[in-house]
Each structure stands twice: as C-alpha cells, then as structure tokens.
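Notes to accompany the following structure.
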Amino acid sequence: MRALLHALCGLVAALALFAIMLLTFVDVAGRKFFSASLPGALELTEILMVAVIFGALPLVSLRGEHVTFDSLDALLPPRVRRVQQVLVDLVCAAMLAFVAWLMWTKAGSLAGYGDTTARLKIPLAPFVYAMSVLCGVTALVHLLLVGRPVAHRHAGADA
C-alpha cells in the first residue's frame, strides 16, 4: 500500500508542481514579451496548489515529516514517547477525518450551487471532493501509524 500511495500521491503532487512552474513561466514570458498575461493563470495556480498540498499530505504523514516540537523528547522515556505518538496519531486521524467530512459536505454545497472560479468558470466541487478524499486518506495513514510507526519520528519503531 505504501508503494501505491507513494506512486499516486507523489505523481499528483509532482505533476501539479511542474504545471505551476510551466504556467508561471508562460505567464511571465507572455507579460515580458507580449505585454499580455495568461488569462486565468492565478485561478489555475490556486487549483494546482491544492493538488500539491493535498496530494503531498498523505506522504508527509506516512514519512513522519511534519514539523514537530521535540525539545522535551530527550527527557521522556521511550515507552512514554511511544504512548505520546500513539495519542498524537489518533488525534490527527480524528481531526483529519472530521476535516474530510466537513470538506465533503462543503463540496456537496458547492456542487449544488454550481460554484465555479470567477474567470475560467472551472467547477470547484470536484477539487473540494478531492481535498476531502486526500484528508481521509491521510487520516487512514495516521491510523496505520498507530500500529506501524515511522522509525525516525516515532519512539519505539523499528528502522
């Protein structure tokens, strides 16, 4: 499952980041050489940023690469740190599942209203549904980390 998650989420995030770079290049070149910016470039960049951020979120959790405050970890015994990590992963899973649910209901509202981007008229609901699904996947990753923690971030995990 890790390989599938790495392949799919990594591909989504990488392609979206590449598209942002290409879009920015074309937009800047258009302004510089033709005195015209690319129509809807800001909207496309915003949508692609959603893909980068939410596409990478499950991978960041899977690898244990979130920003952490670990100044006190050296003072805690490994068993206490392991219990702490289990609790943190359970809370993260619960919060991400709640956010996924909120986003899913918001996407339903957006779909019902037919909300689109201002300039290009791109429907917003599919992107919010995707954000919801990726938050749900990240919640599942945190549940998996309870049983199989990441070694470099979780105390008591095998390398």
Side-chain angles (χ1 to χ4, degrees), residues 1-25 41-113 115-118 122-159:
M1 184 186 102
R2 286 179 189 249
L4 180 65
L5 198 59
H6 279 280
L8 292 179
C9 290
L11 185 64
V12 165
L15 288 175
L17 186 58
F18 182 77
I20 289 171
M21 293 184 326
L22 186 62
L23 181 67
T24 302
F25 175 78
L42 178 62
E43 289 178 357
L44 289 173
T45 300
E46 289 171 345
I47 289 170
L48 290 167
M49 283 301 297
V50 164
V52 171
I53 293 166
F54 284 89
L57 189 59
L59 298 178
V60 169
S61 290
L62 185 63
R63 295 177 184 165
E65 294 178 340
H66 288 289
V67 174
T68 59
F69 176 77
D70 59 358
S71 297
L72 301 176
D73 284 358
L75 304 174
L76 299 174
R79 181 174 277 171
V80 172
R81 286 193 317 237
R82 179 67 186 121
V83 169
Q84 176 192 31
Q85 281 303 312
V86 166
L87 291 174
V88 167
D89 283 325
L90 288 173
V91 168
C92 286
M95 296 303 288
L96 284 161
F98 178 68
V99 169
W101 173 76
L102 283 176
M103 286 183 176
W104 191 268
T105 58
K106 180 64 176 177
S109 297
L110 292 172
Y113 298 137
D115 281 0
T116 62
T117 60
I122 300 170
L124 294 174
F127 298 100
V128 181
Y129 278 126
M131 292 164 58
S132 173
V133 168
L134 289 166
C135 277
V137 168
T138 307
L140 291 175
V141 165
H142 279 281
L143 288 177
L144 291 173
L145 289 175
V146 169
R148 297 194 62 175
V150 177
H152 67 283
R153 289 286 187 224
H154 292 70
D158 298 324

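Note that the structure is a prediction, hence the values are computed from the model and not measured. The chain is numbered in sequence order, starting from 1.
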Legend entry - Pairwise distance OG1(Thr116) to CG(Leu110) - rounded to 0.5 angstrom: 10.5 Å

Legend entry - Heavy-atom pair with the smallest gap, counting every atom of Leu134 and Thr138: O-OG1, 2.8 Å

Legend entry - Gln84: side-chain hydrogen bond (donor to acceptor under 3.5 Å, both in side chains) partners, not counting sequence neighbours: none

Inset, instruction - For Thr117, check side-chain hydrogen bond (donor to acceptor under 3.5 Å, both in side chains) against everything at least two apart and list the hits. - result: Glu43

Inset, instruction - Would you indicate whether the side-chain heavy atoms of Leu143 and Leu90 approach each other to under 4.5 Å? - result: yes

Inset, instruction - Mind checking side chain to side chain contact (heavy atoms under 4.5 Å, CB included) for Ala130 and listing every partner two or more places apart, or none if nothing turns up? - result: none

Inset, instruction - Compare every heavy atom of His6 with every heavy atom of Leu62, then report the nearest pair and how far apart it is. - result: CD2-NE2, 3.6 Å

Legend entry - Straight-line distance of Arg82 CZ to Arg79 CZ, nearest 0.5 Å: 12.0 Å

Legend entry - For Met21, all residues meeting side chain to side chain contact (heavy atoms under 4.5 Å, CB included), sequence neighbours excluded: Phe18

Legend entry - Nearest-0.5 Å distance, NE2 of residue His66 to CG of residue Leu57: 5.5 Å

Would you give me the side-chain donor-acceptor pairs under 3.5 Å for residues 95-108, sequence neighbours excluded?
from	atom 1	to	atom 2	distance (Å)
Thr105	OG1	Trp101	O	3.4
Thr105	OG1	Leu102	O	2.7

Inset, instruction - Measure the spacing between CD1 of Ile122 and CG of Leu44 and express it to the nearest 0.5 Å. - result: 5.0 Å

Legend entry - Expected output: side-chain Thr24 to main-chain Ile20 donor-acceptor under 3.5 Å: yes

Inset, instruction - First locate atom CG of Leu17, then atom CG of Leu22, and finally report the distance between them rounded to the nearest 0.5 Å. - result: 11.5 Å

Legend entry - Nearest non-hydrogen partners of Gly55 and Val12, listed with the distance: CA-CG1, 4.5 Å

Inset, instruction - Mind listing the closest non-hydrogen atom pair of Arg148 and Arg2 along with its distance? - result: O-NH2, 3.7 Å

Inset, instruction - List for me each residue that meets side chain to side chain contact (heavy atoms under 4.5 Å, CB included) alongside Ala16, sequence neighbours excluded, and say none if there are none. - result: Leu48, Ala51, Val52

